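Predicted, not measured: the structure shown is a model, and the values here were computed from it. By convention in this document, chain letters (A, B, ...) are assigned in the order of the sequence lines, proteins followed by strands, and residues within each chain are numbered from 1.
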Amino acid sequence: MKILVCIKQVGNEGEINRFDVHALEEALGLKDQLSARLSKSVTVDVATVGPPEASKIIKRAFGMGADRGYHIVTEDPEYVSSFVTATRLAVVAKKIPYNLILTGIMSTDMMAGQTGPMLATILGLPCATAVIKTSLPTSDNLIEIERELENGFRDCLEIQLPAVLTIQAGINTPRYPCLSKMLAVSQKKIASLTEADLFPEPIEAREIYIGLEQPEKTRSGRELKGSLSDKAEQLFGLLKEKDLI
Amino acid sequence: MKQILVIAEIFAGQIRPITWELAAAARKIKNSPPLKQLPPAIHIIVPADNPTTLSEKIAKQTGIDVIGLQIPELKTYTSEIYIYCLEQLTKKMNPSHILIAHTSQGQDFAPGLALGLDAASIPGVNGIRSDENGLIYSRPAFNNTRNMIVRPTSNRPVVLTLMPGIFKQDGRKGGKPGQVDIRKISFAPAACGKERIQHRRTMRKVCENQALKEAKVIVAAGRGIKGKEDLKAVFNFAQYFPAAAIGASRPLVDMNWIGYQQQIGMTGATVAPKLYIACGISGSSQHLAGMKDAEFVVAINKNPEAPIFRHSDICITADVLEFIQAFLEASG
């Protein structure tokens with residue numbers, strides 16, 4: 001079985017989007033179990049789109065146990081349309097017939113949650129988002145999963161592989177990267193692909209980024225000032241006044 | 001004529017209330033300055049295996065024309081049936097805007113539908129306004145600390161998923177019901193021919209936490225609590241208030257520090273206590289959706305930039321554990 005995990009660098013250099021870490025852990029967990037219980041050979045590859053320094057997250061993924069890495073090197077402005085990212089990732093996803101493609105439910109910076117389902121549409125694959133549980137696939141062409149709905153509800157789905165799943169936090173506890181694997185990283189190959197080679201014509205974004213602003217306040221937000229004990233006393237007084245204590 | 005299309009949210013054969021918010025947002029878009037000159041028509045699409053009753057109800061409640069999209073194969077929602085059938089229907093309708101709920105269901109099918117229609121796709125919209133070039137949309141980004149403002153590239157339809165609780169229902173009562181038109185589209189994709197996603201069952205992990213729903217005071221803990229053992233301090237704090245219940249934000253539940261029945265937010269409980277004390281909760285939109293109806297909100301957070309402070313009556317910038325200790329000392 002071949003699994004591809006799409007990961008993204010967010011925040012500090014070398015930091016993997018936390019939902020993608022859960023996706024990678026889920027892939028590695030499936031690999032561990034499939035090889036231990038069913039003696040199946042499983043490979044877990046990772047792919048990322050990002051600036052040159054984003055190769056650090058691939059090394060981190062190797063430290064967790066990933067087998068191969070693909071890096072589509074881009075020099076993007078701050079906003080990238082999900083459609084553009086999905087189109088780029090589709091190039092890697094088409095290289096090998098992957099049985100399963102995983103990614104985080106969203107990135108913590110863009111918070112769009114669209115790359116996974118758009119990648120599925122481009123590849124013509126079925127997709128489930130907000131996956132909170134996977135069962136061990138008994139064959140290379142079927143997986144049972146649970147996806148999270150509102151108010152504690154879950155849908156249990158049986159999905160034909162190949163498929164794309166986006167992974168919700170809470171599905172697993174990610175392992176820490178192993179130092180010896182991190183040190184052995186230099187031997188492993190990261191396939192770097194450049195944007196210009198892959199796409200002679202630039203991919204047209206479907207949204208235009210205008211800017212960032214502070215979200216609106218919905219309440220007065222009175223700030224208590226002074227030392228810690230001043231603040232504590234003020235709160236005590238306020239709650240007393242409102243008859244809440 | 002251009003069309004604003006609303007996809008009603010149907011769950012377990014019922015109309016989800018966010019459908020009324022989507023209808024209100026559609027009216028807002030229709031009446032917005034950039035579109036007022038040539039206002040588009042609005043249609044609400046109701047996908048179901050037997051959509052007649054649901055469609056009539058929605059047409060009556062909203063006064064908007066409804067298309068009941070009859071999909072014989074649709075026993076329970078799956079993304080592939082929705083994407084295929086909605087694409088077949090909407091691509092012939094010349095849509096300018098397609099409005100979908102930003103819920104587990106909407107987020108699951110909206111991106112695929114957008115690609116099928118070569119549309120722009122803007123998820124999690126929490127504001128709609130216009131500038132000199134037309135309508136622009138805001139949506140949360142960077143862990144809810146910022147809103148990002150975007151617009152679709154020109155002449156493309158746009159698929160918008162709308163955050164629940166933002167676009168208030170317009171409280172329309174009575175009036176002429178919209179017309180209902182039933183159209184049948186079978187799920188028959190050329191590529192695979194059959195369903196690749198089979199819905200097995202819908203289950204509920206735990207029942208609703210009645211204690212949390214009824215509590216007058218809720219003391220809720222979030223990621224600002226650094227270790228599981230530090231939760232004790234929050235429990236002590238809660239004991240100070242008569243009949244207080246303990247709540248938590250999602251990350252603590254994900255880490256198994258506290259049970260799911262304590263989770264407050266979109267995927268947990270929705271609460272409305274008299275007093276809500278958020279201890280080390282950053283304030284993701286997913287959490288805010290669960291506690292925005294609290295009467296009085298106090299937030300304690302070390303980070304002065306924490307989004308929760310924008311949605312609090314009282315803001316206390318402090319380490320949670322240190323503050324709790326100071327509070328217990330101050331109160332004697």
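- Of the atoms belonging to Ala169(A), heavy atoms from both backbone and side chain fall under 4.5 Å from chain B.
- Leu161(A) does not touch chain B: none of its heavy atoms, backbone or side chain, sits under 4.5 Å away.
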| task | Could you give me the CA-CA distance, side-chain angles and deciding distance for Ser249(B) and Gln263(B), then say whether side-chain hydrogen bond (donor to acceptor under 3.5 Å, both in side chains) is met? | result | CA-CA 6 Å; Ser249(B) 66; Gln263(B) 186 179 315; over 6 Å; no
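- Looking at Ile145(A), neither its backbone nor its side chain comes within 4.5 Å of chain B, counting heavy atoms on both sides.
- For Asn256(B), no part lies under 4.5 angstrom from a heavy atom of chain A.
- In summary, Glu146(A) and Arg154(A) engage in a salt bridge, as defined by a charged side-chain N under 4.0 Å from a carboxylate O.
- Geometric assessment of Lys274(B) against the ring of Phe296(B) yields a negative cation-pi assignment under the 6.0 Å and 45° thresholds.
- When the candidates Leu288(B), Asp118(B), Ile83(B) are compared by the number of heavy-atom contacts under 4.5 Å with chain A, Asp118(B) comes out ahead.
- For chain B, no part of Ala120(A) is nearby; none of its heavy atoms comes within less than 4.5 Å.
- Within the 3.5 Å criterion, the main-chain N or O of Glu15(A) finds no donor-acceptor partner in the side chain of Gln9(A).
- Options Met266(B), Arg156(B), Met255(B) differ in how many heavy-atom pairs under 4.5 Å they form with chain A, and the most are formed by Arg156(B).
- Residue Leu119(A) does not touch chain B at all, counting heavy-atom pairs closer than 4.5 Å.
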